[in-house]
Amino acid sequence: MVRKILNLRVFEDESGKHWSKSVMDKQYEVLCVSQFTLQCILKGNKPDYHMAMPTEQAECFYNNFLEQLRKAYKPELIKDGKFGAYMQVHIQNDGPVTIELESPAATVDPKQSGMVSFLAGCKLSEEPPFLCKVWF
């Protein structure tokens with residue numbers, strides 16, 4: 001999943017051609033934010049989180065995911081939020097583009113799966129960020 005995230009071609013090239021450059025190609029930052037609430041299912045009008053990974057396991061999984069991203073790319077360009085914290089993330093989205101990636105492991109045992117939501121964009125907002133929900 002790390003390879004897919006870093007090499008996903010979602011940005012324009014220098015000539016304006018869409019879907020031709022990746023985060024690595026553009027040397028962009030990656031912001032990873034754990035987002036438990038995206039793991040809900042609805043029971044009537046109420047969100048249910050019984051399918052979400054337990055907190056301790058999810059935090060370990062998330063930290064390992066960040067470590068793998070930093071090993072595969074430039075560590076100083078991998079940013080993250082505080083696991084389990086209430087955060088306000090401000091972005092200016094021009095799109096939006098939402099892409100869901102799912103590893104084969106996510107379909108084997110949903111209770112053991114994890115989810116990471118991340119935004120990838122550049123430092124000076126040259127291009128819009130995109131939202132990518134990643135399921136493991």
Side-chain angles (χ1 to χ4, degrees):
M1 295 308 294
V2 167
R3 183 195 59 75
K4 179 64 82 176
I5 290 164
L6 294 175
N7 291 288
L8 189 64
R9 294 183 296 171
V10 292
F11 300 106
E12 292 181 354
D13 65 13
E14 296 73 25
S15 68
K17 182 179 175 189
H18 296 288
W19 313 110
S20 58
K21 295 288 184 177
S22 70
V23 168
M24 289 179 73
D25 294 333
K26 301 286 261 183
Q27 301 293 298
Y28 284 171
E29 294 178 334
V30 175
L31 172 62
C32 296
V33 179
S34 64
Q35 198 164 352
F36 168 81
T37 57
L38 292 178
Q39 185 69 348
C40 84
I41 56 173
L42 292 180
K43 285 194 173 180
N45 292 324
K46 182 179 177 185
D48 181 305
Y49 299 102
H50 287 95
M51 297 297 287
M53 187 181 285
T55 303
E56 285 183 12
Q57 185 181 2
E59 185 172 12
C60 180
F61 186 89
Y62 178 70
N63 289 332
N64 182 57
F65 173 74
L66 290 171
E67 183 180 321
Q68 296 304 315
L69 270 173
R70 289 181 176 121
K71 284 181 183 177
Y73 190 41
K74 297 179 177 182
E76 68 277 8
L77 295 181
I78 304 298
K79 310 296 182 180
D80 63 288
K82 182 169 172 49
F83 184 88
Y86 177 82
M87 293 175 283
Q88 292 184 355
V89 179
H90 298 277
I91 65 168
Q92 182 176 346
N93 203 354
D94 183 10
V97 174
T98 302
I99 298 170
E100 288 191 11
L101 303 175
E102 186 172 315
S103 75
T107 57
V108 174
D109 185 357
K111 287 190 176 187
Q112 295 299 312
S113 68
M115 197 284 306
V116 175
S117 169
F118 78 92
L119 302 170
C122 59
K123 296 176 186 171
L124 300 176
S125 299
E126 296 166 14
E127 292 195 45
F130 68 94
L131 174 65
C132 182
K133 296 189 296 184
V134 182
W135 300 88
F136 296 89

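No experiment lies behind these values; they were computed from the predicted model shown. Residue numbers run from 1 in the order of the sequence given.
Side-chain atoms of D25 come within 3.5 Å of backbone atoms of S22 as a donor-acceptor pair (strictly under, hydrogens ignored). Side-chain atoms of Y73 never come within 3.5 Å of backbone atoms of V2 as a donor-acceptor pair (strictly under, hydrogens ignored). Under the 3.5 Å distance criterion, the side-chain polar atoms of N64 are left unmatched by any main-chain donor or acceptor of C60.
Atoms CD and CE, from Q68 and M1 in turn, are 13.5 Å apart once rounded to the nearest 0.5 Å.
Put simply, the side chain of Y28 does not reach to within 4.5 Å of the side chain of L77, judged on heavy atoms. Between I5 and F65 the shortest side-chain heavy-atom distance falls below 4.5 Å. No side-chain heavy atom of N63 sits less than 4.5 Å from a side-chain heavy atom of D80.
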Take L8 and V23 through the test side-chain contact (heavy atoms from CB on, under 4.5 Å) and record every step on the way to the result. CA-CA 7 Å; L8 189 64; V23 168; over 6 Å; no
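In E56, the CD atom is not crowded: 12 or fewer heavy atoms of neighbouring residues, nucleotides or ligands sit closer than 6.0 Å. Applying the 6.0 Å contact sphere to NZ of K4 captures no more than 12 heavy atoms from other residues, nucleotides or ligands.
Closest approach of M24 and A72 over heavy atoms only: CE-O, 4.0 Å. Nearest heavy atoms, R9 versus S20: CD-O, 3.6 Å. The two residues E14 and K21 have their closest heavy-atom pair at OE1-CE, 3.8 Å.
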